[in-house]
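For reference, the structure is listed below as structure tokens.
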Amino acid sequence: MEKKRWECSALPKGWQMEEVTRKSGLSAGKSDVYYFSPTGKKFRSKPQLARYLGNQMDLSSFDFRTGKMLMSKLNKNRQRLRYDNNNQTKGKPDLNTSLPVRQTASIFKQPVTKVTNHPSNKVKTDPQKAVDQPRQLFWEKKLGGLNAFDIAEELVKTMDLPKGLQGVGPGCTDKTLLSAIASALHTSAAPITGQLSAAVEKNPGVWLNTAQPLCKAFIVTDEDIRKQEELVYSVRKKLEEALMADMLAHVEEAVSEGGSLKEEGNGNDDMETV
């Protein structure tokens, strides 16, 4: 390799530029450029050089390869700086006092803060963001065709709905109705009453209340509550019996293992006695 070093006139006094040219290999004839500070520190790129110099020198028009200032870039930077200064002096003040609105899409209702030099700032929320977004008509139909599987990857049987629950809308099946009611119970804190308007059966596209599931208005009677309590009681009873049977099976297994170990121990004693 051939090295040449000289003082760089475009940089402050004491800075040197070094050019290393390769003489052999696949990269023969290619050269690399390095810069050395007055203290001997080596710089391999323009960003490193700019970070080291900081505010001491503007390197936007500096050509790292040749070590010279490009006059074309220097003139453009001067013209741009002059243009920006003129616009700042001639520009009109911004008299708009409305609060800025966050433009990024977010699922959370985030407040927008206007930062000024006054200590009496208060966090204000955008009223449009505070209101829940409107829902699409018959959005529950998107849940159609979705099935639940257990840990053994077997299809879970769909539960039967009471006869008092009837669907509303085009193509509303029992599965769609079940998904709509389950979604309403999880996503809404309001009571589930169904579609109270009688006109929804004639024209659901106009009179449908999107805050309620796709079902007709229904009333939960005392008989429905009693049947549900009996169902829960029977399921709990079956679970109790299954747990008891499992516990007894474990106890019996432990007793049988203890007996076999005892017999083996007696057999070993007899063999030692003989």
Mind checking side chain to side chain donor-acceptor pair (under 3.5 Å) for Thr66 and listing every partner two or more places apart, or none if nothing turns up? Asp63
Close side-chain approach of Gln16 to Cys8, heavy-atom, < 4.5 Å: no
Just checking Glu252: does its CD atom have more than 12 heavy atoms from other residues, nucleotides or ligands closer to it than 6.0 angstrom? no
Point-to-point distance, once rounded to the nearest 0.5 Å, from NZ of Lys237 to OG of Ser234: 11.0 Å
So does Leu196 get a backbone contact from the side chain of Lys216, meaning a donor-acceptor N/O pair under 3.5 Å? no
Atom of Gly67, atom of Ala10 and distance for their closest heavy-atom approach: O-CB, 3.4 Å
Would you check, one step at a time, whether the test side-chain contact (heavy atoms from CB on, under 4.5 Å) holds for Ile225 with Glu229? CA-CA 6 Å; Ile225 298 176; Glu229 289 177 350; 3.8 Å; yes
I'd like to know if Trp6 and Leu49 are part of one continuous hydrophobic network [Ile/Leu/Val/Met/Phe/Trp/Tyr, side-chain heavy atoms within less than 4.5 Å]. yes
Side-chain heavy atoms of Met247 within contact of Leu243, under 4.5 Å: no
Check whether more than 12 heavy atoms from other residues, nucleotides or ligands sit under 6.0 Å from atom CD1 of Ile219, and answer yes or no. no
Without swapping roles, check the side chain of Gln195 against the backbone of Gln212 for a donor-acceptor pair under 3.5 Å. yes
Can you sort out the partners of Glu18 under side-chain contact (heavy atoms from CB on, under 4.5 Å), two or more places apart, ordered by chain and number? Lys3, Arg5, Val20, Tyr34, Phe36
Under 3.5 Å, is there a donor-acceptor pair between the side chain of Ser183 and the main chain of Ala180? no
Quick one: pull up CD in Glu240 and OH in Tyr233 and give me the separation to the nearest 0.5 Å. 8.0 Å
Which pairs, with at least one residue in residues 26-39 and sequence neighbours excluded, count as a salt bridge (charged side-chain N to carboxylate O under 4.0 Å, His left out)? Arg22-Asp32
Are the side chain of Lys46 and the backbone of Phe62 linked by a donor-acceptor contact shorter than 3.5 Å? yes
Before you tell me yes or no, could you show the steps for Met244 and Glu241 under side-chain contact (heavy atoms from CB on, under 4.5 Å), namely the whole-Å CA-CA distance, both residues' side-chain angles and the distance that decides it to 0.1 Å? CA-CA 5 Å; Met244 183 62 67; Glu241 294 175 355; 5.7 Å; no
Residue Lys13 excluded, over 12 heavy atoms near NZ under 6.0 Å: no
Qualifying salt bridge (charged side-chain N to carboxylate O under 4.0 Å, His left out) pairs with a residue from residues 219-228, counting only residues at least two apart or across chains: Glu223-Arg226, Arg226-Glu230
Parallel, tilted or perpendicular, judged at 30° and 60°: which one describes the rings of Phe43 and Trp15? tilted
With side chains defined as the heavy atoms from C-beta onward, is the minimum distance between Pro213 and Ile192 less than 4.5 Å? yes
Side chain to side chain donor-acceptor pair (under 3.5 Å) with Glu2: which residues, sequence neighbours excluded? Lys23
Kindly indicate whether the side chain of Leu239, heavy atoms from C-beta on, has any atom under 4.5 Å from the side chain of Val235. no
Ser31: side chain to side chain donor-acceptor pair (under 3.5 Å) partners, not counting sequence neighbours: Glu19, Arg65
When you measure from the side chain of Tyr35 to the backbone of Phe64, do you find a donor-acceptor pair of N or O atoms at a distance under 3.5 Å? yes
